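Read through the structure below, which is laid out as structure tokens, and then see the notes.
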Amino acid sequence: MARKKPKSRAAATRKAAQKKSPARKTSTRKAAAKSTARRKLKSKGRVAAPVKRKRPKQHVAISHYRDEDFKADGLRTYAQYRDLGVAEASSGVARAHVIRLIGPCEPEVVSKLHFHDVDFQMVYVLKGWVKTYMEGVGETTFQTGSSWTQPSRIKHLIMDYSDDVELLEVILPADFRTVELTA
């Protein structure tokens, strides 16, 4: 007489488990009980489902170079900022601007230890060079083509820079808090 073929993989597994030794049957039952217990916990809401964040509406930002777009209305008095339109286009998720540091560098004005309360910050040297100090890193000179990230709240300062330095800075979120530290 021909054997009946199990209808599903689960049925085949159960059938195979029935043929195994009593010790195997016990461990199979325990695994099935754990699996059932997990399903019950999930159904009672004890296992948190991943939260899906609603993303702000965003649109395209296009910015072409114009020298007159550099403004002295940013965070630092010794810098001019060219906003790239990212803050508005991203509904405040991020900010991107080109920073032109005005030379010559005056350390008594520039070299103030501070930190930014941000989620992300990255700087890329477009032109010239800049010498910085970052807590835990020390002094570093960055030249054209160099980049770095600064973790949130890392204490840092600018020590010196070339008269022609330009930096691209990307920060999340667009609006953030800067805290200057006193000695």
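No experiment lies behind these values; they were computed from the predicted model shown.
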About how many Å separate CD of E68 and CZ of R66, when rounded to the nearest 0.5 Å?
4.5 Å
Does atom CD of Q58 have more than 12 heavy-atom neighbours from other groups under 6.0 Å away?
yes
Distance col, row K127:NZ vs L101:CG, nearest 0.5 angstrom, shows 12.0 Å
Nearest heavy-atom pair of G92 and P173: which atoms, and what distance?
O-CB, 3.7 Å
Taking only Lys NZ, Arg NE, NH1 and NH2, and the carboxylate oxygens of Asp or Glu, determine whether R100 and D67 approach each other closer than 4.0 Å.
yes
Does a salt bridge link R95 with D175, judged by any charged N lying under 4.0 Å from a carboxylate O?
yes
Can you name the nearest heavy-atom pair linking A89 to A61, along with the distance?
CB-CB, 3.5 Å
Do the side chains of K131 and D160 get close enough for a salt bridge, i.e. N-O under 4.0 angstrom?
no
Under 4.5 Å between side-chain heavy atoms, counting indirect links through other Ile/Leu/Val/Met/Phe/Trp/Tyr residues: same cluster for I99 and I154 or not?
yes
F120 vs I171, side chain to side chain contact (heavy atoms under 4.5 Å, CB included): CA-CA, chis, key distance, verdict:
CA-CA 6 Å; F120 175 80; I171 306 166; over 6 Å; no
same_hphob_cluster(V170, V130) at 4.5 Å side-chain heavy-atom cutoff
no
Quick one: do V110 and Y161 satisfy side chain to side chain contact (heavy atoms under 4.5 Å, CB included)? Show the steps, please.
CA-CA 10 Å; V110 172; Y161 54 81; 3.9 Å; yes
Can you check salt bridge (Lys or Arg N to Asp or Glu O under 4.0 Å) on E180 and R76, steps first, answer last?
CA-CA 12 Å; E180 281 199 10; R76 304 283 173 223; 3.1 Å; yes
Please test Q121 against E169 for side chain to side chain contact (heavy atoms under 4.5 Å, CB included), starting from the C-alpha separation and ending with a verdict.
CA-CA 7 Å; Q121 182 177 14; E169 184 176 51; 2.6 Å; yes
Once rounded to the nearest 0.5 Å, what's the spacing between atom CD of Q150 and atom CD of E135?
11.5 Å
Decide if the gap between the ring center of F142 and the ring center of W129 is smaller than 6.0 angstrom.
no
Please round to the nearest 0.5 Å and tell me the distance separating atom CG of D83 and atom OG of S63.
7.5 Å
State plainly whether one hydrophobic cluster holds both V86 and V93, where clusters connect Ile, Leu, Val, Met, Phe, Trp and Tyr through side-chain heavy atoms under 4.5 angstrom apart.
yes
W148 side chain near M134 side chain, heavy-atom distance below 4.5 Å
yes
Is there a continuous path of hydrophobic side-chain contacts, each under 4.5 Å between heavy atoms, that joins I158 to I102?
no
Is there a side chain to side chain contact (heavy atoms under 4.5 Å, CB included) between L126 and V98 once you walk through the steps?
CA-CA 9 Å; L126 296 166; V98 177; 3.8 Å; yes
Going by ring-ring contact (aromatic ring centres under 6.0 Å, His included), name the pairs with one or both residues in residues 60-94, residues two or more places apart or in two chains.
Y81-H97
Considering non-hydrogen atoms only, spot the tightest contact between S152 and D117 and give its length.
OG-OD1, 3.8 Å
Heavy-atom side-chain contact between L168 and V123 under 4.5 Å:
no
ILVMFWY cluster, L113 and M159 together (side-chain gap under 4.5 Å):
yes
Side chain to side chain donor-acceptor pair (under 3.5 Å), that's the test. Do R55 and S91 meet it? Break it down for me.
CA-CA 9 Å; R55 293 183 184 187; S91 295; over 6 Å; no
Is there a side-chain contact between H116 and H156 in this structure, where contact means two heavy atoms from C-beta onward sitting under 4.5 Å apart?
yes
Minimum heavy-atom separation for L157 and K112, please, with both atom names.
CB-O, 3.6 Å
So how far is it from S146 OG to L167 CG, rounded to the nearest 0.5 Å?
10.5 Å
Would one find more than 12 heavy atoms of other residues, nucleotides or ligands at under 6.0 Å from atom NZ of K155?
no
To the nearest 0.5 Å, tell me how far D69 CG sits from L84 CG.
9.5 Å
